Amino acid sequence: MPNPNHWLVKQEPEKYSWETFLHDKTTLWDGVRNFQARNNLRAMKKGDLVLFYRSVVEPAIQGLCRVARPAYPDPTASEGDWSVVDLQVLQTLTQPVPLSLIKNHPRLATMALVRQSRLSVMPVSPAEFAEILKLSQTKLP
DNA sequence: GCCAACGTTGGC
DNA sequence: GCCAACGTTGGC
């Protein structure tokens, strides 16, 4: 898959943990009710790489997944125009990358993750993505 | 648990 | 269209 885009999705472990995702292998990323986040979901292409960020409890980037199916209507939305994508687990990062490290890293402190702390689906630049993989000591499969 | 930041709603 | 009130997110 040439030139995949890179993204980051955020979730609280109480709502949907990385461990649950590992068990499920594939999940639909539902419940997004923010227009900016929804538009980011809709910009995802099949095969795009997605970082999984755990919020609230020891905030850190934890895992890597990819878009298995691009945006389609959110079956959990009773009203409004909302979307989901299907995400497929790729691997757990060798070392999680904590938010504290990202905030103190000169090349990562400008990430949307830091600047827009409440956005739950966001793009990641190729340079940011590469740096996070490096910090996590993780190699792409 | 507290609180800041931010998005949404609704009165005017 | 403005803005106050309110609800939610998420770091700490």
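Nothing here was measured: the structure is a model prediction, and the numbers come from that model. Here is how names work: the chains are called A, B, and so on, in the same order as the sequence lines, proteins then strands, and each is numbered from 1.
- The side-chain contact (heavy atoms from CB on, under 4.5 Å) test applied to A/Lys103 returns A/Leu99, A/Val114, not counting sequence neighbours.
- Residues forming a side-chain contact (heavy atoms from CB on, under 4.5 Å) with A/Phe35 (at least two apart in sequence, or on another chain): A/Arg38, A/Trp82.
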Next item on the list: List the steps and the verdict of side chain to side chain donor-acceptor pair (under 3.5 Å) for A/Asn40 and A/Trp7.
Entry: CA-CA 9 Å; A/Asn40 289 332; A/Trp7 307 92; over 6 Å; no
Polar atoms only, N or O, under 3.5 Å: list the protein pairs with nucleotides 9-12 of chain C and their distances.
residue	atom	partner	partner atom	Å
C/dG10	OP1	A/Lys10	NZ	3.3
C/dG10	OP1	A/Arg118	O	3.4
C/dG11	OP1	A/Tyr53	OH	2.7
C/dG11	OP2	A/Val56	N	2.9
C/dG11	O3'	A/Lys103	NZ	3.4
C/dC12	OP1	A/Lys103	NZ	2.7

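- Distance alone, capped at 3.5 Å, places no donor-acceptor pair between the A/Ser136 side chain and the A/Val97 backbone.
- Under the side chain to side chain donor-acceptor pair (under 3.5 Å) criterion, the residue pairs touching residues 57-69 of chain A are A/Arg66-A/Gln88, with sequence neighbours excluded.
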Just the table, please: protein N/O against nucleotides 1-3 of chain B N/O, every pair under 3.5 Å.
none

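- Taking A/Pro13 as the reference, A/Ser17, A/Arg54, A/Val57 meet the side-chain contact (heavy atoms from CB on, under 4.5 Å) condition, with sequence neighbours excluded.
- Taking the six-membered ring for Trp and thresholds of 30 and 60 degrees, A/Tyr16 and A/Trp29 have ring planes more than 60 degrees apart, a perpendicular arrangement.
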